[in-house]
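Worksheet for the structure shown next.
Computed from heavy atoms alone, side chains included, the values below leave out hydrogens, waters and symmetry copies. One is the number of the first residue; the rest follow in order along the sequence.
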Amino acid sequence: MTSSAIISHPIKSIADLPVDKTLATALLSSMSVYSDQLHGRRLWLACSGGRDSLALAALCVQLYRQGKLPCLPQLLHVDHGLQSDSQHWAKHVANWAQAQQIPCCILQAQVNGHDEQAARQARYNIMRAHINQDDVLLLAHHADDQAETVLMRLIQGAGVNGLSGMQPWRVQTQGVQCNILWRPWLTIRRANISVYAKRLELPYIDDPTNDSGDNVRSGLRRDIMPILATYNPNVIDNIARSAQLLSDAQDTINAQAMQDMQQTENTDLQLLPAQRVLNVDALQKLPMYRQRQLLHYWLGQDEPLPPAKQLVDDVLTLSQRDDQDHQTELFWQGRKASYTIRRYRQQLYRMSSEWLSWLNVPLTEQVLPLSTLTLSSHSANNLASLTMRSSDRYTWQLQVKADALVRLLENSTDGVAQQVVLKIAPLDRKQRLKTEMAARPQAGKKLYQTLGVPLWLRDSLMVVSITFINESKDGNDIQTDIPLLLASPFESWLLSSEQTDNDTDSDDKSNQLAEYIASELSLK
C-alpha cells in the first residue's frame with residue numbers, strides 16, 4: 001500500500017543530476033560562514049519527506065558526490081503517528097535514503113496534544129534525545145517560512161526578539177545538553193525549491209495539512225500571503241530582510257542589556273540559574289526604556305522563549321514600589337522551568353520553583369569533635385566538609401579548617417579543654433544572638449530585619465559555635481559555648497555571646513576562629 005500524499009515519481013538515484021546553483025550557493029556560503037563551528041561536529045538533517053527537506057537532502061547528496069561537501073548528514077525522520085499514512089511516509093523516506101546511499105533513522109514520537117505546536121515540540125524532543133552533545137541539526141526552513149513566522153509573531157504582539165524570526169545558526173540548550181540548529185536556506189524562496197524538486201522529479205510527501213488553513217501558519221500561507229503579494233510582489237523577500245534587520249537590532253539591545261545587567265546584578269546573592277538577583281537602586285538609575293529592556297533580558301535568561309510583556313511590566317512595577325510590603329510574588333511558567341519573582345528591600349529575585357522547594361528541605365545538625373588526637377592524621381589546612389542540606393541538585397556545606405582551629409585553641413592562654421566540639425545547629429526563631437550589626441542580642445523578626453534576611457531564607461540559617469567541656473572538682477561537666485557564626489547559603493555574620501558583650505579578647509578569639517569556617521553552596 002502507498003500513500004496518495006506521495007508525489008508519484010519513482011525513487012531513483014539523483015547524485016548525477018544537475019545541481020541548482022542558487023540553492024547550492026546558499027548552502028555552501030552558509031557552511032563557509034559557520035565553518036569553525038561546524039568543524040568536528042556530527043551533522044544530522046531533519047527530513048519529514050516533504051518537498052523542502054527532501055530537496056535539501058538531495059542537494060547534500062549531490063554536493064557530497066562532487067566533493068564540495070565534506071560529509072553526508074544523517075537523515076532523521078520522525079513518525080508522529082498523527083496521520084493515518086504516517087508509517088507509509090516513514091518507510092518511503094527510508095527507501096529514498098537507501099537509494100541515495102545516505103544514512104537514515106526513523107524515530108517514533110509521542111505527541112501530547114493534537115495541534116501543530118505539540119507535534120513540533122514532540123519532534124524536536126525526540127530528535128534531541130537521539131543526537132549527541134554539540135551535534136548540528138540541519139533544517140530546510142526558507143524565506144517563505146521566515147515571512148510566515150514573522151507575521152505569526154506580529155499578530156501575537158511579539159517584540160524585536162520575536163520579530164527577528166528564525167536564526168540561521170542557533171545554539172539550543174535543554175538541561176545539560178547543547179545542540180545547534182542550522183538553517184542555511186532562510187534567504188531562499190519556496191518557488192526556487194519547487195523548481196529544483198520538479199527538475200529532479202523528487203517523490204516528496206505533499207502533506208495535505210500544510211495548506212488546509214486549519215492553523216495560523218497554513219492560514220497565512222493560503223489566504224494572507226497571496227493578498228500581500230498583490231501590494232508588493234517582493235513581500236516575502238522584504239519581510240525576510242526586515243527579520244534580519246530586527247535580528248541585528250536585537251543583538252544591539254542584548255549587548256546593552258548585558259552591559260546594564262553587569263552593573264545591576266548582585267553576584268553575592270546569585271546561584272545560577274536557580275536564583276538571579278538585581279539591585280533595585282542600580283536598576284532605577286537607568287532610563288525607563290533600558291529598565292524594561294534589562295528586565296526582559298534578565299527574566300528570560302535560561303529560557304528558550306522570552307517572557308510576556310505583561311510580566312515585564314509587572315516586575316517593573318514591583319521594582320518601583322516604595323512601600324515595605326515584601327509579600328508580593330509574581331509567577332512565570334517558562335518553557336524549561338517555573339519561576340517566582342519577589343522583591344526584598346532593594347533586591348529583585350528571580351527564583352526557580354525547584355530552588356524554592358530545596359529551601360524547604362530540613363537542615364541537618366552537625367557536630368565535629370576538635371582535638372589533636374582525632375585530627376593528628378590530617379595535614380595542615382585539611383578541610384572537613386559538613387553538609388547542612390543536600391539534594392541531587394544543590395548542596396550546602398560548611399568547609400572547616402579543623403586542624404587550624406585546634407592549633408589556635410592550643411596557643412590560647414587557657415589551653416585546650418578536655419573536650420572541644422564544633423557544633424552547627426539550625427537557628428531557633430526564639431534564640432537570641434548578638435551580631436556586629438546590633439548593640440544587643442536579638443531574636444526572631446528583629447534579628448532577620450537587622451541582617452536583611454528575606455522571608456524565604458529565614459528557615460535556612462545555621463548557628464556555628466564551639467563548646468568547651470571541662471570537668472569540675474565535684475566531677476560534673478562544665479560546658480562553655482562560644483558562638484562564632486550565623487550562616488545562610490549566601491552570607492554569614494560574626495557573633496559574640498551575651499555573657500561577653502564587653503569582652504574584647506573573647507570577641508577577637510571568636511573572630512579568629514570564624515576565619516577558619518566558610519559556607520559553600522554548589523550546584524550539581
Side-chain angles (χ1 to χ4, degrees), residues 1-3 5-7 11 14 38 41-61 64 69 71-142 145 166 169-185 197 202-210 215 217-218 304-305 335-336:
M1 177 182 176
T2 60
S3 170
I6 300 174
I7 301 299
I11 292 177
I14 48 83
L38 284 166
R41 299 180 190 269
R42 180 176 292 182
L43 187 61
W44 306 80
L45 195 159
C47 185
S48 66
R51 174 194 51 225
D52 305 332
S53 61
L54 206 66
L56 183 55
L59 183 64
C60 288
V61 169
Y64 176 73
L69 204 65
C71 65
L72 268 179
Q74 300 186 52
L75 302 190
L76 285 179
H77 176 84
V78 179
D79 181 2
H80 305 86
L82 296 179
Q83 303 275 0
S84 58
D85 288 348
S86 64
Q87 57 183 319
H88 301 295
W89 296 353
K91 180 64 174 174
H92 175 74
V93 171
N95 290 340
W96 184 87
Q98 185 177 20
Q100 315 311 322
Q101 299 180 27
I102 183 171
C104 180
C105 183
I106 307 299
L107 304 176
Q108 304 292 327
Q110 287 280 62
V111 181
N112 297 321
H114 299 284
D115 60 358
E116 175 57 29
Q117 179 61 31
R120 180 182 181 278
Q121 188 64 42
R123 183 164 61 250
Y124 278 102
N125 286 343
I126 194 67
M127 289 192 291
R128 188 184 300 115
H130 181 79
I131 65 180
N132 298 318
Q133 181 80 350
D134 295 328
D135 285 356
V136 177
L137 186 61
L138 186 57
L139 302 169
H141 294 131
H142 46 71
D145 293 325
M166 297 178 286
W169 185 272
R170 179 188 166 197
V171 178
Q172 187 179 57
T173 58
Q174 183 76 19
V176 297
Q177 185 169 356
C178 176
N179 300 115
I180 294 91
L181 303 182
W182 181 28
R183 301 179 175 97
W185 273 359
L202 288 180
Y204 62 86
I205 301 166
D206 189 14
D207 187 344
T209 64
N210 285 340
N215 59 61
R217 181 179 291 278
S218 63
L305 297 177
R335 176 66 63 83
K336 294 168 60 176

Give me the atom names and distance for the closest heavy-atom approach of Val93 to Gly49. CG2-CA, 3.6 Å

His92 versus Asn95, side-chain donor and acceptor atoms under 3.5 Å: no

Would you say the side chain of Ile131 lies within less than 4.5 Å of the side chain of Gln74, judging by non-hydrogen atoms? no

Heavy-atom donor-acceptor pair, His77 side chain to Cys47 backbone, under 3.5 Å: yes

Calculate, to the nearest 0.5 Å, the distance between atoms CD and CZ belonging to Gln133 and Arg42 respectively. 13.0 Å

Do Ile7 and Asp206 have side-chain heavy atoms sitting under 4.5 Å apart? yes

Separation between CD1 of Ile106 and NE2 of His130, rounded to the nearest 0.5 Å: 10.5 Å

Can you tell me how far the CD atom of Gln172 sits from the CD atom of Gln177, to the nearest 0.5 Å? 9.0 Å

Ser86 side-chain N/O to His80 backbone N/O, donor-acceptor pair under 3.5 Å: no

Without swapping roles, check the side chain of Gln110 against the backbone of Ala122 for a donor-acceptor pair under 3.5 Å. no

Shortest non-hydrogen pair, Leu137 vs Ala46, comes out as CD1-N, 3.9 Å

Pick one: which of Ile11, Ile205, Ile6 meets side chain to side chain contact (heavy atoms under 4.5 Å, CB included) with Trp96? Ile11

Closest approach of Pro184 to Leu138 (non-hydrogen atoms, all atoms of both residues): CD-CD1, 3.5 Å

Correct closest heavy-atom pair for Asp145 and Ala140 would be OD2-O, 4.3 Å

Value for OH (Tyr204) from OG (Ser53), rounded to nearest 0.5 Å, stands at 11.5 Å

Interatomic spacing from CG in Leu38 to CH2 in Trp182 - rounded to 0.5 Å: 5.0 Å

In Å and rounded to the nearest 0.5 Å, what is the CG to CZ distance from Leu181 to Arg170? 6.0 Å

Does the Asn179 side chain pair with the main chain of Val171, one donor and one acceptor, at a distance under 3.5 Å? no

Minimal heavy-atom distance between Asn132 and Asp135, with the atoms involved, is N-OD2, 2.8 Å

Considering residues at least two apart in sequence or located in another chain, which fulfil the salt bridge (Lys or Arg N to Asp or Glu O under 4.0 Å) criterion with Arg123? Glu116

Can you give me every donor-acceptor pair (side chain of residues 98-105, partner residue at least two apart or in another chain, under 3.5 Å) with its distance?
{"unit_1": "Gln100", "atom_1": "OE1", "unit_2": "Ile14", "atom_2": "N", "d": "3.0"}
{"unit_1": "Gln100", "atom_1": "NE2", "unit_2": "Lys12", "atom_2": "O", "d": "2.7"}

Could you pull out the closest heavy-atom pair between Leu45 and Cys60, with the gap in Å? CD1-SG, 4.1 Å

Can you find a pair of side-chain heavy atoms, one from Trp169 and one from Ile180, that are under 4.5 Å apart? yes

